[in-house]
Participant: 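Submitted below is the structure of interest, expressed as structure tokens.
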Amino acid sequence: MPPASTNGHHGDPTLLAAHEARGLLARREMSSVELTKAVLERITRLEPKLHSFLTITADLALKQAEEADRRLAGHGPAPTPLTGIPVQLKDNISTEGVPTTAGSKILAGYVPPFDATVVERLKTAGAVMVGKGNLDEFAMGSSNENSAYGPVHNPWDVTRVPGGSSGGPAAAVASGECFLSLGSDTGGSIRQPAALCGISGMKPTYGLVSRYGLIAFGSSLDQIGPLGRDVQDCADMLDVISGKDPRDGTSLDSPAGGFSAALKPGGVKGMRIGVPREYLVDGIEPGVRSAFQRALTELERQGASIGETSLPLSDHALTVYYIIAPSEASANLARFDGFKYGYSPKQARTAWETMDMARGNGFGPEVKRRILLGAYALSSGYYDAYYKKAQQVRTLIRAEFTEAFKRFDCLVTPTSPTVAFKLGARTDDPLAMYLSDVCTIPVNIAGLPGISVPCGLSDGMPVGLQFIGPQMGDATVLKAAYAYEQSTAWHKMRPAI
Ligand code: GLN
């Protein structure tokens with residue numbers, strides 16, 4: 001049960017779950033404009049400590065809140081679960097007329113002329129956009145320290161990282177600067193920061209949510225998903241953003257929505273849940289391990305049958321990822337040449353100089369490292385040894401998961417081997433940083449759905465529990481995570497900031 005140190009949120013509507021705030025709006029106890037103003041005030045108060053926003057869109061938010069209030073009063077289309085709810089978007093998701101930087105200097109000043117599909121869908125649903133979330137540059141990182149605009153601080157302890165790369169979204173949701181945010185997850189960037197900030201975050205099945213308008217990092221791995229205070233909120237948001245989009249060639253032919261309808265207490269009764277032994281390796285902090293063991297006991301108490309399984313190839317997932325993701329990134333980032341978008345050096349005299357200076361000054365060190373790694377892995381003579389080999393191992397990793405899902409409905413693991421670490425602790429050691437994602441990366445390699453929910457505290461910091469499902473098993477992981485959450489109170493914890 002949450003300790004006394006977490007402050008209660010009675011009386012402060014900004015700390016409610018979105019579905020609770022929705023009740024206030026529906027009963028007309030509060031208007032969306034009032035709720036939005038309360039959130040904007042909280043942003044103003046907390047931003048000097050957290051820095052989870054790169055852009056705050058107060059005017060737009062108030063205008064959308066007024067529209068939402070009209071809709072809630074019965075004018076226009078029927079309200080949806082997100083109508084009037086203040087949300088944030090990670091700043092690598094394109095927003096028409098609102099700066100979108102991907103946390104990079106090379107995109108400073110870029111204002112997209114169009115909305116990403118997910119943004120269109122949120123607008124249609126009547127959500128209120130309060131701003132854009134800070135992130136590691138081009139979503140490359142696990143601590144948000146690679147943002148060109150400065151790091152985000154963890155609301156549980158501002159001397160620690162919030163995780164990454166969706167560090168802004170996770171810190172903003174955890175601290176009451178918005179109810180929900182959208183992140184992107186290429187190797188864990190939604191689930192790991194959600195775990196480190198004590199909230200829920202889901203990476204849907206690859207292809208369930210359109211990537212149109214998401215600034216691409218590793219296109220075969222990237223997926224947009226929700227970060228929220230609990231599973232219900234994530235399901236409500238997934239209902240809005242999921243579904244076929246002809247503008248994304250990898251978008252699956254799936255009907256939109258239906259996820260929140262799948263949630264019910266006690267939903268894990270009779271479920272077969274697998275625990276892959278490779279995910280409990282050395283390097284898992286004792287406090288994380290014990291919180292995880294307690295979660296297994298709870299799931300068993302609720303009637304799930306827990307069995308051990310083995311996914312030996314998961315050990316290679318990190319290696320495969322650090323070939324495939326940089327390879328795709330090196331190709332995707334070729335478009336940032338100083339001509340088409342954002343930063344263009346005025347003092348350059350030739351086209352080559354423009355490109356040289358734009359990329360040389362515009363990209364940070366981690367992005368350059370990834371481009372070099374990727375260009376090397378794709379170069380002739382090395383392609384077969386690295387890229388092709390990585391793709392072959394990827395196929396085997398996928399097959400191993402498929403085999404496991406013949407015996408289990410879902411798998412559970414810790415989300416991250418450690419709780420949030422101190423700012424600066426891993427910045428000089430890329431490998432230590434990369435290891436933050438050992439438990440989440442295999443899920444992207446195989447294109448599966450995964451969700452992280454809070455399952456305890458270690459050293460006063462939140463611990464995350466990850467549920468992994470088979471391809472298109474999004475409803476199953478949500479159902480299992482919801483049942484777990486509803487029998488615990490960890491999702492009600494709020495940092496005392
Ligand atoms: N931390 C991993 C990386 O640096 C994953 C990032 C992500 O999921 N976007 O690549």
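Quick note: numbers below take in every heavy atom, side chains included, and nothing from hydrogens, waters or symmetry partners. Counting starts at 1 for both ligands and their atoms, following the listed order.
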Participant: Does the side chain of Glu47 pick up a donor-acceptor pair with the side chain of Ser52 at under 3.5 Å?
Facilitator: yes
Participant: Kindly tell me which protein residues have any non-hydrogen atom under 4.0 angstrom away from an atom of ligand 1, grouped by chain and ordered by number?
Facilitator: Ala139, Met140, Gly141, Ser142, Ser165, Asp185, Thr186, Gly187, Gly188, Ser189, Phe217, Tyr321, Tyr322, Arg370, Asp437
Participant: Counting only pairs under 3.5 Å, give me each side-chain donor-acceptor contact of residues 371-382, with atom names and distances, residues two or more places apart or in other chains.
Facilitator:
unit_1	atom_1	unit_2	atom_2	d
Ser379	OG	Tyr376	O	2.7

Participant: Going by an N to O cut-off under 4.0 Å, is there a salt bridge joining Arg359 and Asp356?
Facilitator: no
Participant: Any ring-ring contact (aromatic ring centres under 6.0 Å, His included) pairs touching residues 445-470, not counting sequence neighbours?
Facilitator: none
Participant: Not counting sequence neighbours, which residues clear salt bridge (Lys or Arg N to Asp or Glu O under 4.0 Å) with Lys132? List them please.
Facilitator: Asp91
Participant: Tell me if the centroids of the rings in Phe138 and Phe217 come within less than 6.0 Å of each other.
Facilitator: no
